[in-house]
Amino acid sequence: MLAASAVSQSPVDPLAGLVVGDVPPPKPKEGWSVVRVIASSLNMHDLWTLRGVGHPAERLPVVLGCDAAGIDQDGNEVIVHPVLADPDAGRGDETLDPNRALLSERHDGAFAQFLSVPTRNLVPKPDWLTFDQAACLPVAWTTAYRMLFTQARITAGDRVLVQGVGGGVASAAISLAAAAGAVVYATSRSEAKRAEALKWGAKAALAVGERLPERVDVVIETVGEATWAHSLRALRPGGTVVVAGATSGTNPPADLSRIFYLQQRILGSTGCTRYELESMLRMMKATGVRPVIDRALPLGEITKGFQLMVDGQLTGKLVIHPPQP
Ligand SMILES: NC(=O)c1ccc[n+]([C@@H]2O[C@H](COP(=O)([O-])OP(=O)(O)OC[C@H]3O[C@@H](n4cnc5c(N)ncnc54)[C@H](OP(=O)(O)O)[C@@H]3O)[C@@H](O)[C@H]2O)c1
């Protein structure tokens, strides 16, 4: 079958390790299901693997891709919950299982014609979502959902700053927070992306680091070094920053005196539970909010998609279509 794999890693030339070619299809195994992938989508995680961040070289080669929507061996339309974990190992929260793994970390991922996952990880795809929309949800959208509703516990009227507009998580956070009745501010390096954020429900979209018209209750942080100081400055006393990523770097100045003096709360967030994916689907049905899709590309052109991500050219999710047998 055709697949896109990481065969080597380089922090400076990550795409040199990306190979699109034939690999053996997954074999059926007890308790696991084989899914024919109709659509997948690109995540920063795929680029981290190629850069050698968070993925040991001894686990190469590996088929990349954390997101999938497709058809299982029994003909059911499914979304693949991407966190492979023991639901009982993390005190009722599978993201706290110390042995959890995201799809493509310990098992081949979704940039392929077929995928094998534990049957527990299959969630029925609602018929009001297209396969392309469904393929955007498992990583980026559920991460945004958990950051907003599980970690920050936002309620209608809360003021929320989302750092970045173009990212998969950021675009989801803007859309979901607005749909929940929050007052949403966003930042972006790009004027065109700032204009998009207003269409998704942001009250205002500002340049990176620009002063907000008011302090916010919650900041959604996935950018890291480039925006961290602004995130702390933008927060009201007692407010909360939820951090799930650091695309621009992981070592910002901590500003400890601001954190303790203003009693700011900093919460980490990783992944989501299967239950959160199902809850988010109910919210999306009720509110009509849908993923922002930049474009779709055939699997054979995935290198072009990675380059767009490296260059910061994407607005929302980039969908990948494997060839159908
Ligand atoms: N913890 C988890 O479970 C989890 C899940 C998903 C993602 N993540 C992490 O979250 C991060 C975001 O992932 P993603 O898939 O949404 O895609 P992404 O392509 O990394 O998103 C990039 C975002 O960062 C902004 N950005 C990048 N460089 C910047 C800079 N130098 N200055 C200011 N803004 C900058 C972009 O905003 P503009 O282009 O609009 O300026 C965009 O919103 C990644 O680091 C990823 O690893 C973590």
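Quick note: residue numbers are just sequence positions, from 1. Counting starts at 1 for both ligands and their atoms, in listed order. Side chains are part of it too, since the values below use all heavy atoms of this structure and drop only hydrogens, waters and symmetry mates.
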| How does T143 reach ligand 1, by side chain, by backbone, by both or by neither, if only non-hydrogen atoms under 4.0 Å count? | side chain
| Any idea which protein heavy atom is nearest atom 14 (P) of ligand 1, and the distance to it? | G168 N, 3.8 Å
| Is the shortest N/O to N/O distance between W48 and ligand 1 below 3.5 Å? | yes
| Location of contacts on A244 toward ligand 1, heavy atoms closer than 4.0 Å | both
| atom 42 (C) of ligand 1 [closest protein heavy-atom partner, distance rounded to 0.1 Å] | G167 N, 3.2 Å
| said: Could you check whether any side-chain N or O of N76 sits under 3.5 Å from a backbone N or O of V78, counting only pairs where one atom can act as donor and the other as acceptor? | reply: no
| request: Identify whether the distance between the nearest side-chain nitrogen and carboxylate oxygen of D294 and K317 falls below 4.0 Å. | output: no
| For the side chain of R106 and the backbone of R59, is there at least one donor-acceptor N/O pair under 3.5 Å apart? | no
| field | Check: N43 main-chain N/O paired with D46 side-chain donor or acceptor under 3.5 Å | value | yes
| query | Which of the atoms in ligand 1, numbered in the order shown and given with their element, are less than 4.0 Å from a heavy-atom of A226? | reply | 30 (C), 31 (N), 32 (N), 33 (C)
| task | Return yes or no for this condition: an N or O of G245 is under 3.5 Å from an N or O of ligand 1. | result | no
| Are the side chain of T227 and the backbone N or O of V223 linked by a donor-acceptor pair below 3.5 Å? | no
| said: I want to know if ligand 1 touches S269 in the polar sense, i.e. an N/O pair below 3.5 angstrom. | reply: yes
| Just wondering, do L299 and V37 contact through their side chains at under 4.5 Å, heavy atoms? | no
| message | Students should be able to answer this: which protein heavy-atom is nearest to atom 19 (O) of ligand 1, and at what distance? | response | M309 CE, 3.8 Å
| query | Under 3.5 Å, N or O to N or O, is G312 touching ligand 1 that way? | reply | no
| message | Salt bridge check, K199 against E196: does any charged N sit closer than 4.0 Å to a carboxylate O? | response | yes
| Given that the side chain starts at C-beta and the backbone is N, CA, C, O, which of these parts of K193 lies under 4.0 Å from ligand 1, counting heavy atoms, or is it both or neither? | side chain
| Short N-O contact, D97 and R100, less than 4.0 angstrom | no
| field | Candidate list D158, T143, I220, test side-chain contact (heavy atoms from CB on, under 4.5 Å), partner L148, passing option | value | I220
| task | Check R146, R120, R274 against E94 for a salt bridge (Lys or Arg N to Asp or Glu O under 4.0 Å) and give me the one that passes. | result | R120
| remark: closest protein heavy atom to atom 46 (C) of ligand 1 is M44 CB, 3.7 Å
| message | Please determine whether any non-hydrogen atom of G271 lies less than 4.0 Å from an atom of ligand 1. | response | yes
| task | Take I154 and D217, measure what side-chain contact (heavy atoms from CB on, under 4.5 Å) needs, and give me the verdict at the end. | result | CA-CA 9 Å; I154 69 158; D217 303 288; over 6 Å; no
| remark: shortest atom 11 (C) of ligand 1-to-protein heavy-atom contact is with T247 OG1, 3.3 Å
| query | Does an N or O from V169, backbone or side chain, lie closer than 3.5 Å to an N or O of ligand 1? | reply | yes
| said: Heavy-atom pairs closer than 4.0 Å: do any link ligand 1 to the side chain of A140, the backbone, both, or neither? | reply: neither
| message | As an exercise, identify every atom of ligand 1 less than 4.0 angstrom from a heavy atom of G164. | response | 37 (O), 43 (O)
| task | For ligand 1, note which part of T315 has a heavy atom under 4.0 Å away: side chain, backbone, both or neither. | result | neither
| query | For T247, does its backbone N or O pair with a side-chain atom of E225 as donor and acceptor, under 3.5 Å? | reply | no
| request: Between S188, G224, G249, flag the one that comes closest to atom 40 (O) of ligand 1 by a heavy atom. | output: S188
| query | At under 4.0 Å between heavy atoms, which part of S171 makes contact with ligand 1: side chain, backbone, both or neither? | reply | neither
| What residue and atom, counting heavy atoms only, is the protein's closest point to atom 25 (C) of ligand 1, and at what distance? | V223 CG2, 3.6 Å
| task | Decide yes or no for F111 and S5: does some side-chain heavy atom of the first lie under 4.5 Å from some side-chain heavy atom of the second? | result | no
| remark: Of all protein heavy atoms, the one nearest atom 36 (C) of ligand 1 is R189 NH2, 3.6 Å
